[in-house]
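Working notes, beginning with the structure itself.
Given the structure is predicted, the values throughout are model-derived calculations rather than measurements. Here is the naming used below: chain letters follow the sequence lines, and residue numbers restart at 1 for every chain.
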Protein chains: 2
Amino acid sequence: MAQKIKLSTIADALGVSTATVSLALRDSPLVAGSTREKIKEHAREIGYIYNRRAASLRTSRSGIVGVVVHDIMNPFYAEILRSIEHELDRSRQTFLLSNHYDQLDKQRTFIDTLLQLGADGVIMSPAIDTPASDIIMAEENGLPAVLIARDVDGAHVPVFRGDDAYGTALATNHLISLGHKRIAMVGGTDQTSTGRDRYQGYVNAMEAAGLEVMPSWRVPGPRTKQGGFEAAAQFLALKDKPTAACCWNDLVAIGLMNGIARAGLVPGVDISVTGYDDLEEAQIATPALTTVWNGQREVGRRAASALLDKLNGQTVRLSQELIKPELHVRQSTGRPVERV
Amino acid sequence: MAQKIKLSTIADALGVSTATVSLALRDSPLVAGSTREKIKEHAREIGYIYNRRAASLRTSRSGIVGVVVHDIMNPFYAEILRSIEHELDRSRQTFLLSNHYDQLDKQRTFIDTLLQLGADGVIMSPAIDTPASDIIMAEENGLPAVLIARDVDGAHVPVFRGDDAYGTALATNHLISLGHKRIAMVGGTDQTSTGRDRYQGYVNAMEAAGLEVMPSWRVPGPRTKQGGFEAAAQFLALKDKPTAACCWNDLVAIGLMNGIARAGLVPGVDISVTGYDDLEEAQIATPALTTVWNGQREVGRRAASALLDKLNGQTVRLSQELIKPELHVRQSTGRPVERV
DNA sequence: CTGAAAGCGCTTACAG
DNA sequence: CTGAAAGCGCTTACAG
């Protein structure tokens, strides 16, 4: 490895000061055009590498934004991340990704790392049981936060998410309108705000239609394809045999449909299934999945742009409007068939 | 935000020097046990945050490792990333993830960022057409690299990947042994070493069995579920109607099976399909996918551990043994049925 | 076992 | 338009 090249290397070579070089490289109008070009040219030639640590130590801005979610490999978050990536790329921020897998200590370690690196801000889908104090602590130490998908009571930071109760009500009402009366809710957890909201939407719709809400028709837990697949046996063994499943999300719905197919029944015919999120995969699934569009792109876009606003000192309203979900009807839902 | 707390804040409060505080916080044996405890206790109390930028400026180690792949949301890379994450977490390295989407300039921007941040190393699955000089430049600037999944000629860095030619030969031979004679290869690209190797393995197996390799039976391109789904029409319209498809990867295979099902045929019965990678999803697919285990976990583990070795100054052998793939037979392959 | 001082490579007032 | 100098918050010889 050759001798380290730094600002002063350039300054010495060209007979100017490091201040001038620094300004020139950042296109400051304070530097004469000809000087600037000469400096930039030379820097390129000798392969100068800007030292962001040194700069950041001095300016206390790092150009790093943290993003932490339950699991970046989950397509739901993946779609949000893509739009965050798109938004942040334009403002030349580097983003540090992490999974917390709903482990509070993993999340804390990550926030700590961000603080140590002097990150400019963080976008988070908080782990289950995240106390407001964790977020307040971050903010007090100069790490502004915005939340996505899940809320934290008392955190006093902007949250971007869909109207979950409304969304599951859309799906449930669709099933009811097809004639289903025994509808199960498969997957999800009461431990997140999202989980509670989605279940509530289902309950609301059932009650509004005068249908009975059987506690046993709730199959909590699954949140992945694997989970939905495994839940199929349990669902099919439910007493009073529900004719439809309102699933926690698309992954659970697709897994459940696979499990139902393995049991020799035809999803979309024998059993109606709805998803939630409208992942790209929903259209490819067989049968194509009836689901609720949840505005992932929009969530990511708004969250990133709100964080950038915050970084630029603008105030961001705490109460953000919920994104209105939309029902996308495909082939996985139909009129009920009595099961024997 | 309260007054910034730094080493000297602690030093002043306790009447010791910053040198002592620095050493104590890093558990140096040079500091007396009682002093150390007093310092650590106090630091915790007042909420001291270690400034890694400052430390890294001084030590020129950042604790950051970069990882760049085609697309982190692709389950194939996701599984590799999980094991990298697992491995690096143990050594307390922070890792910066990025997608290059096979765009050379995105990859270059990322490598630049790593250099600027003083990252300790990088694990990459190089973008298509990555010149060896890009990797050499990184190494010369103090950013050691190891490659995963794809090789770059002349880069002279360790590569961790499976034996792709052997793997597709396994799948193809399995189909041949079931009695298939007209086997198509669906998906993949000749632009990566992996793509060329996998196709070669298929060709080798066909030729070894004395079967004709029809150029028209190659359907290049698809690498995702969506791609496989869309390729179904093309596959089904192939002349001489192949009875089996050896797919580029599991995603393509699953997409293709969905497309075949939509066309009214039964995958695994009317058409045999093999995947590659053995993603978690392969078992859940309907029918369960016959596929080639590709050792993702192993690739990630070995790459991370090799990079850590490199960081610690150990020499890492350039020529790494290829990971031996294994065939996992499930329900998506069977004896050929003549199509009308 | 502990402290004083230099230095990592930038940027930013300040002066000219 | 350009330069000299201080300082961001650490760590590391070096001295005691």
From dT11(D), dA5(D), dC10(D), nucleotide with atom closest to S22(B) side chain: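 Output: dT11(D).
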From dT2(C), dT12(C), dC10(D), nucleotide with atom closest to V31(B) side chain: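 Shortest atom-to-atom distance from the side chain points to dT2(C).
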Between dC8(D) (C1') and I5(B) (CD1): distance, integer Å: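 From I5(B) CD1 to dC8(D) C1': 17 Å.
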Quick one: is [X] getting a side-chain N or O under 4.0 Å of the [N] phosphate, OP1 or OP2?
X	N	answer
Y48(B)	dC10(D)	yes
R26(B)	dT12(D)	yes
S17(A)	dA4(D)	no
T59(B)	dT11(D)	no

Sidechain-backbone polar pair: S193(B) side chain, D151(B) backbone, donor-acceptor under 3.5 Å: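 At least one qualifying donor-acceptor pair exists.
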Select base, sugar-phosphate, or nothing to describe what [X] touches, counting heavy atoms under 4.0 Å on all strands.
X	answer
G118(A)	nothing
T35(A)	sugar-phosphate
A55(A)	sugar-phosphate

Heavy-atom side-chain proximity of V65(B) to T94(B) below 4.5 angstrom: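 No. Closest side-chain heavy atoms not under 4.5 Å.
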Validation row: Y48(B), L7(B) side chains within 4.5 angstrom (heavy atoms):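 In contact.
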If only side-chain N and O atoms count, and only distance matters, is there a donor-acceptor pair under 3.5 Å linking [Y] with [X]?
X	Y	value
S22(A)	R26(A)	yes
R297(A)	S83(A)	no
T130(A)	R150(A)	no

Residue closer to the 5' end of DNA chain D, N51(B) versus R36(A) (nearest nucleotide):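 Final value for this comparison: R36(A).
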Strand DNA chain C in bracket notation, Watson-Crick/G-U under 3.5 Å with | for pairs to another chain: |||.||||||||.|||
